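Below is one structure, written out as structure tokens; the observations come after it.
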Number of protein chains: 2
Amino acid sequence: MLTLSTLTANDVDNVNIKGVPISPVKKTDAYHHGNLRAALIDSALAVIIEKGAEAVTIREVAARTGVSHAAPYRHFPDKNALMAAVAKEGFDLMVARMRRRMAAFPDDPLQRLKFCGIGYIEFALDHPAHYRVMFGPGQDPLRASEALKLSSAASFQTLFDAITACQAKGVVHGGDPMAMALSCWAMVHGFSMLVIDGLVQTRAFHSALPAMMDGLVDSLYFGFRPDREPL
Amino acid sequence: MLTLSTLTANDVDNVNIKGVPISPVKKTDAYHHGNLRAALIDSALAVIIEKGAEAVTIREVAARTGVSHAAPYRHFPDKNALMAAVAKEGFDLMVARMRRRMAAFPDDPLQRLKFCGIGYIEFALDHPAHYRVMFGPGQDPLRASEALKLSSAASFQTLFDAITACQAKGVVHGGDPMAMALSCWAMVHGFSMLVIDGLVQTRAFHSALPAMMDGLVDSLYFGFRPDREPL
DNA sequence: AAATTAATGTTGACGTTGTCAACATTGACG
DNA sequence: CGTCAATGTTGACAACGTCAACATTAATTT
């Protein structure tokens with residue numbers, strides 16, 4: 001869930017107060033912005049964080065960036081293209097987070113797999129606005145740009161590679177790695193979405209998030225069979 | 001993924017042809033519709049199926065129902081309330097599907113749990129438009145009506161009860177049923193969302209959906225440990 | 001049966017949206 | 001210095017969500 005406590009400094013461009021209309025940011029009286037495309041993406045993300053992806057408007061994003069309402073159309077064919085750029089950035093950041101978490105265990109593939117998944121969930125919960133855009137209904141993978149497809153595929157590929165590395169070491173069973181990767185992905189994606197949408201908190205789960213994540217790991221490694229060793 | 005082959009008769013109110021503007025349905029020249037609230041929900045669902053939840057407009061829904069653009073405001077305070085009504089209906093249908101699947105195994109709690117999850121996924125994949133609205137960003141659980149909260153909670157409760165029944169019979173391990181229910185829910189929700197959003201097909205998974213579901217069940221029951229019996 | 005009230009529908013309007021065309025400004029290039 | 005391309009602005013359009021005021025009809029009360 002997006003709360004002030006889950007925000008990081010990297011998430012926030014600025015903060016507006018409820019009921020106070022935004023004053024357009026005046027850029028430095030120069031006609032050419034110089035880096036408008038990137039600035040628009042940053043502003044869009046700020047609006048997503050504050051108000052949700054569905055509240056983003058091209059006009060507000062332009063105003064926050066200090067340009068007129070039609071300027072974005074010089075850098076993005078339409079609104080959806082701007083949102084797709086936000087999504088691509090999110091995938092790149094998420095893969096970086098997954099890989100950084102894995103890097104702490106260079107010689108232990110099972111831990112690498114575990115922290116690959118933990119990195120995924122941490123990113124999603126630290127950047128719920130980004131995550132919602134990355135996996136929102138507005139993103140049709142069949143119409144995505146090649147750049148976005150590559151960024152999106154990298155997250156699954158990272159997970160898949162972590163599983164095949166475990167199989168090579170013999171620390172997981174030797175079944176179909178695609179099916180195993182799908183199970184992992186479904187689990188981490190489903191959990192992330194449920195928490196972001198506030199569906200977990202509303203059921204008063206009594207565990208902290210780390211304990212919930214441990215529960216997911218436990219379920220995936222040991223399964224539900226009654227004859228397993230207790231955690 | 002929404003295709004003509006996955007639609008059921010219950011999904012479709014009518015079908016429009018691309019490029020052909022909708023002609024407003026003229027109702028029977030009566031001033032009072034008589035059942036407008038339900039008709040608006042049906043029309044909204046039809047638009048969601050055809051164009052996606054984000055393309056729904058109050059004006060188009062009203063036109064398809066044969067009333068003026070302001071008539072919906074006599075039955076719903078705003079657009080989001082209409083979408084929430086669509087979501088509630090979806091939860092009710094989903095829980096009915098889950099329970100109907102479970103009913104085939106009155107004396108086998110493990111099969112009941114398995115088919116509870118399968119019923120969940122089947123509903124989501126048979127009714128992707130409904131499912132997207134049910135779990136979309138537009139639905140804030142903290143602001144949901146009591147009716148919607150109850151309908152939403154019923155799906156989790158059904159899953160939770162299936163797990164505690166398994167524990168009572170000793171066919172799953174005796175850990176925290178809440179954590180186990182969360183793992184199940186994350187798995188079925190994540191899988192459903194990934195398929196609906198087209199993220200699974202684009203990775204060329206070579207299994208049919210039933211085999212994919214078996215893979216999820218396998219992962220959740222047996223886990224990834226290498227010392228388990230092969231499926 | 002008539003009058004009154006409530007429910008429900010319509011018309012028109014407003015502010016905002018996404019997006020486009022035409023024009024304006026400035027940086028890059030020859 | 002002139003030309004061109006990139007990029008920004010202004011203004012306009014159709015459509016949106018939602019509201020107020022009005023219109024119609026069903027239900028209720030007298």
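Just so we're on the same page: letters track the sequence lines, and every chain starts at 1. Since the model is a prediction, treat every value here as computed from it, not as a measurement.
Going from atom NE2 of His33(A) over to atom C1' of dT9(D) covers 15 Å, rounded to whole Å. One can place NE2 of His69(B) at 10 Å from C1' of dC19(D), the figure rounded to the nearest angstrom. Regarding Leu40(A), its CG atom lies at a distance of 8 Å from the P atom of dG8(D), rounded to whole Å. As rounded to whole Å, 6 Å separates atom P of dG9(C) from atom NE2 of His32(B). Atom OH in Tyr31(A) sits roughly 14 Å away from atom P in dC23(C) (whole-Å rounding). At whole-Å resolution of the value, CZ in Arg59(B) and C1' in dA14(D) are 11 Å apart. The separation between Phe76(A) atom CZ and dG18(C) atom C1' is 15 Å, rounded to whole Å. In this entry the distance linking CZ of Arg37(B) with P of dG9(C) reads 13 Å, nearest Å.
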> Given the rule in the ring-ring contact (aromatic ring centres under 6.0 Å, His included) test, do Tyr120(B) and Phe156(B) qualify, once you have shown the distances and angles that lead to the verdict?
Replying inline: CA-CA 10 Å; Tyr120(B) 186 111; Phe156(B) 180 79; over 10 Å; no
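Across all strands shown, Thr57(A) has heavy atoms under 4.0 Å from sugar-phosphate atoms exclusively, and none from any base.
The existence of a salt bridge linking Arg132(B) and Asp197(B) is confirmed by a sub-4.0 Å separation between a basic side-chain nitrogen and an acidic carboxylate oxygen. A salt bridge links Glu50(A) and Arg64(A); the closest N-O separation between the charged side-chain nitrogens and carboxylate oxygens is under 4.0 Å.
Test Met94(B), Arg101(B), Met98(B) against Phe123(B) for side chain to side chain contact (heavy atoms under 4.5 Å, CB included) and you get one pass: Met94(B).
Of the listed nucleotides (dT18(D), dT10(C), dG11(D)), dT18(D) has the atom at the smallest distance from the side chain of Lys79(B). Distances from the side chain of Ala70(A) to the nucleotides dG9(C), dT18(D), dA21(C) place dA21(C) closest.
Between Ile58(A) and Arg74(B), the residue whose closest nucleotide on DNA chain C is further toward the 5' end is Arg74(B).
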